[in-house]
Colleague: 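After the structure tokens below, expect a handful of questions from me.
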Amino acid sequence: MAENNNGDFTPNFQNSKELSKISNFVKNILTVKNPDNMIKQAQDGGLKKTLGGFDLIILGVGAIIGSGIFTVVGLAALESGPSLTLSMILASLACVFSALCYSEFAAMIPASGGAYTYTYATMGEFMAWIVGWVLMLEYLVGYIAVVSAWSGYLMQLISGIPGIPHWLSNPPIYLIHDYSTAVSQLTSQGIDPSTVIPQFLGIPLCINIPGLLITFFIIATLIKGMQESKNMTGILVVIKIAVVAAFVITGFFYVKPENWTPFMPNGISGMFASAFTIFFAYIGFDAIATAAEETKNPQKNLPIGIIGSLIVCTICYVLVALVLTGLVPLDMIDTQAPIASAMAMVGQNWVAGFISIGALTGLTSVLLVLMLAGTRILFSMSRDNFLPKAFQKIHPKFQTPHVLTYMVGAICIIGSLFLDIQKAADLVNFGAVAAFIIVCLAVLILRKKDPQRHRPFKVPCCPLFPILGALCCGGLMVYSMTLKPLSTMLFLAWIVIGVACYLLYSYRQQRLAQQNTNEENNV
């Protein structure tokens with residue numbers, strides 16, 4: 001209200017309009033999507049259904065067992081010593097609560113998008129966009145981190161094969177590494193990177209050729225279809241399990257119990273620090289939920305895939321931790337290739353070579369599932385009008401989102417040229433933990449808002465388990481932020497960029513889509 005010259009009060013229409021705009025804006029960003037509409041949209045989506053429960057376990061194991069067990073386990077062992085087994089269990093417990101929440105949603109809303117879709121059904125449009133944005137970070141940056149490790153293992157394997165030409169086993173460093181890794185290795189050797197790495201118009205050129213070739217292969221496999229992707233992942237997972245079994249069985253005969261004492265050389269704090277480090281090795285089970293629309297009988301098979309893959313991987317991890325810490329003294333664990341190095345130290349070189357091959361196959365399956373999950377997240381966001389409609393195009397023959405697969409592949413190729421591997425791993429951890437927290441809270445919200453909805457699978461001991469899941473993951477995130485300030489700043493910067501993209505593009509696209517829908521309904 002405003003006072004005029006006569007002392008009367010008249011409505012302030014300008015303020016009223018502004019309040020109305022703010023009210024509409026808040027209402028729009030809090031708008032949730034009806035789960036029934038999501039299910040119907042998924043049924044009409046056109047993606048081919050080929051995955052069963054066992055297939056999903058294979059996909060989950062393919063995503064989880066990879067860079068974590070072949071590389072990160074060495075770093076975690078240095079932090080915790082033999083108590084690495086407890087760190088493994090702690091990290092798995094933090095994941096189990098979240099996995100149960102994922103299972104409830106996946107069975108109830110079998111649609112592509114995973115945590116993004118579940119957030120849209122409970123917290124509204126804006127939070128759904130943020131979760132989708134964070135998941136893009138988790139899967140695409142995760143791919144970049146793993147593809148760099150894949151290239152390193154390949155070159156290590158090639159250099160150890162007798163008779164290989166020198167040009168192939170010792171290529172220029174800028175042809176087999178991303179820029180950050182090349183600079184780090186050259187600097188550690190006392191070499192000025194600017195004198196070795198070629199430049200074009202002042203821009204250093206590093207091309208990870210092995211990573212480029214494997215990315216082209218992954219793109220072609222995913223475009224051809226889920227059946228082919230599933231079959232290839234199955235073969236790779238069998239090889240990975242065989243590698244883990246070979247290490248555990250062979251290493252068991254060389255274990256020295258005295259290496260298990262002291263059990264906690266760095267105390268409880270070291271065990272918890274190791275749990276956060278090894279958490280990276282468990283990330284991947286959530287990728288199963290993104291393939292919901294390509295799953296047969298998703299209400300039954302998705303929970304089986306999510307929980308089953310987590311159980312299989314936890315058993316593998318604990319056995320590897322027991323043998324590794326009993327096999328090699330703490331100060332002699334190789335952080336680059338801990339499992340293969342441990343076998344070489346006890347004279348089992350053939351097992352070490354087999355493990356190197358297994359590491360390559362393991363990382364390949366991780367790459368496949370990460371790119372699959374990334375494309376399915378973006379496919380769901382495009383279908384919800386957050387991204388251009390061109391991303392929704394389905395290949396007429398293979399029934400896969402080929403346009404998105406090409407685009408995601410291009411992003412991964414470009415990102416691998418510049419992004420530091422360690423920072424990439426940290427960002428993946430932040431993205432995954434944030435998504436886990438939101439899914440745990442979303443279960444509580446939907447239980448309150450829609451208690452009568454049919455839930456083929458229910459989180460037991462609700463609300464206790466979802467709350468424990470959110471607290472465990474929240475604790476890990478807060479703890480990691482104190483240890484990694486630079487990575488924390490990069491993660492927050494990613495969130496800020498996501499908010500800007502939503503306000504400048506996606507919010508307007510949503511309103512235009514709603515306007516068009518209303519006009520069509522009125523005709």
Side-chain angles (χ1 to χ4, degrees), residues 51-73 76 84-104 106-107 114 142 146 229-252 275 278-292 295 298 300-324 339 354-355 358-359 361-370 372-373 432 436 457 459-460 469:
L51 303 175
F54 182 74
D55 300 323
L56 291 172
I57 292 177
I58 293 296
L59 280 177
V61 174
I64 298 171
I65 295 183
S67 55
I69 200 168
F70 292 118
T71 56
V72 176
V73 69
L84 174 62
T85 52
L86 295 182
S87 299
M88 295 277 193
I89 294 171
L90 282 174
S92 68
L93 285 175
C95 290
V96 161
F97 297 124
S98 302
L100 292 170
C101 294
Y102 267 91
S103 298
E104 177 168 319
V146 175
S229 304
K230 176 186 71 176
N231 293 340
M232 191 183 84
T233 302
I235 294 171
L236 298 177
V237 167
V238 169
I239 296 173
K240 280 198 291 189
I241 297 297
V243 166
V244 172
F247 173 76
V248 171
I249 294 171
T250 306
F252 175 79
I278 208 65
F279 186 82
F280 177 79
Y282 282 95
I283 293 172
F285 72 85
D286 54 320
I288 297 173
T290 66
T295 300
K300 173 186 175 183
N301 289 327
L302 284 169
I304 291 174
I306 292 172
I307 298 172
S309 61
L310 199 57
I311 291 172
V312 170
C313 293
T314 299
I315 294 171
C316 290
Y317 281 7
V318 170
L319 291 174
V320 167
L322 279 171
V323 173
L324 177 64
I339 298 178
F354 181 48
I355 289 172
T361 60
L363 295 175
T364 301
S365 66
V366 174
L367 292 174
L368 185 73
V369 178
L370 286 174
L372 167 70
F436 292 173
F457 177 88
V459 178

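Here the structure is a predicted model, which means the values were calculated and not measured.
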Colleague: Provide the closest heavy-atom pair for Val61 versus Lys240 in the form atom of the first, atom of the second, distance.
Modeller: O-NZ, 3.4 Å
Colleague: Test of understanding: with side chain to side chain contact (heavy atoms under 4.5 Å, CB included), list the residues that count as partners of Ile307, not counting sequence neighbours.
Modeller: Leu100, Ser103, Ile311, Phe457
Colleague: What distance do Leu324 atom CG and Leu319 atom CG have between them, rounded to the nearest 0.5 Å?
Modeller: 12.5 Å
Colleague: Can you see which heavy atom on Val318 is nearest to which on Ile89, and at what distance?
Modeller: CG2-CG1, 4.1 Å
Colleague: So Met88 and Val320, side-chain contact (heavy atoms from CB on, under 4.5 Å) or not? Walk me through it.
Modeller: CA-CA 10 Å; Met88 295 277 193; Val320 167; 5.8 Å; no
Colleague: What distance do Leu86 atom CG and Leu93 atom CG have between them, rounded to the nearest 0.5 Å?
Modeller: 10.5 Å
Colleague: What's the spacing between Leu372 CG and Leu367 CG if we round to 0.5 Å?
Modeller: 12.5 Å
Colleague: Using 0.5 Å steps for rounding, measure from the SG atom of Cys313 to the CD1 atom of Ile241.
Modeller: 7.0 Å
Colleague: What pair of heavy atoms forms the shortest contact from Ala106 to Ile306, and how long is it?
Modeller: CB-CD1, 4.2 Å
Colleague: If you take all heavy atoms of Ala76 and Leu84, which pair is closest and at what distance?
Modeller: CB-CD1, 3.7 Å
Colleague: Testing the basics here: between Leu310 and Ala99, what is the closest heavy-atom pair and its distance to 0.1 Å?
Modeller: CD2-CB, 3.7 Å
Colleague: Restricting to pairs with a member in residues 304-318, which pass salt bridge (charged side-chain N to carboxylate O under 4.0 Å, His left out), not counting sequence neighbours?
Modeller: none
Colleague: Closest approach of Ala275 and Leu90, non-hydrogen atoms and distance?
Modeller: CB-CB, 4.2 Å
Colleague: Measure the CZ-OH distance between Phe436 and Tyr102 for me, rounded to the nearest 0.5 Å.
Modeller: 5.5 Å
Colleague: Can you list everything that forms a ring pair (Phe, Tyr, Trp, His ring centres under 6.0 Å) with Phe247? Sequence neighbours excluded, please.
Modeller: none
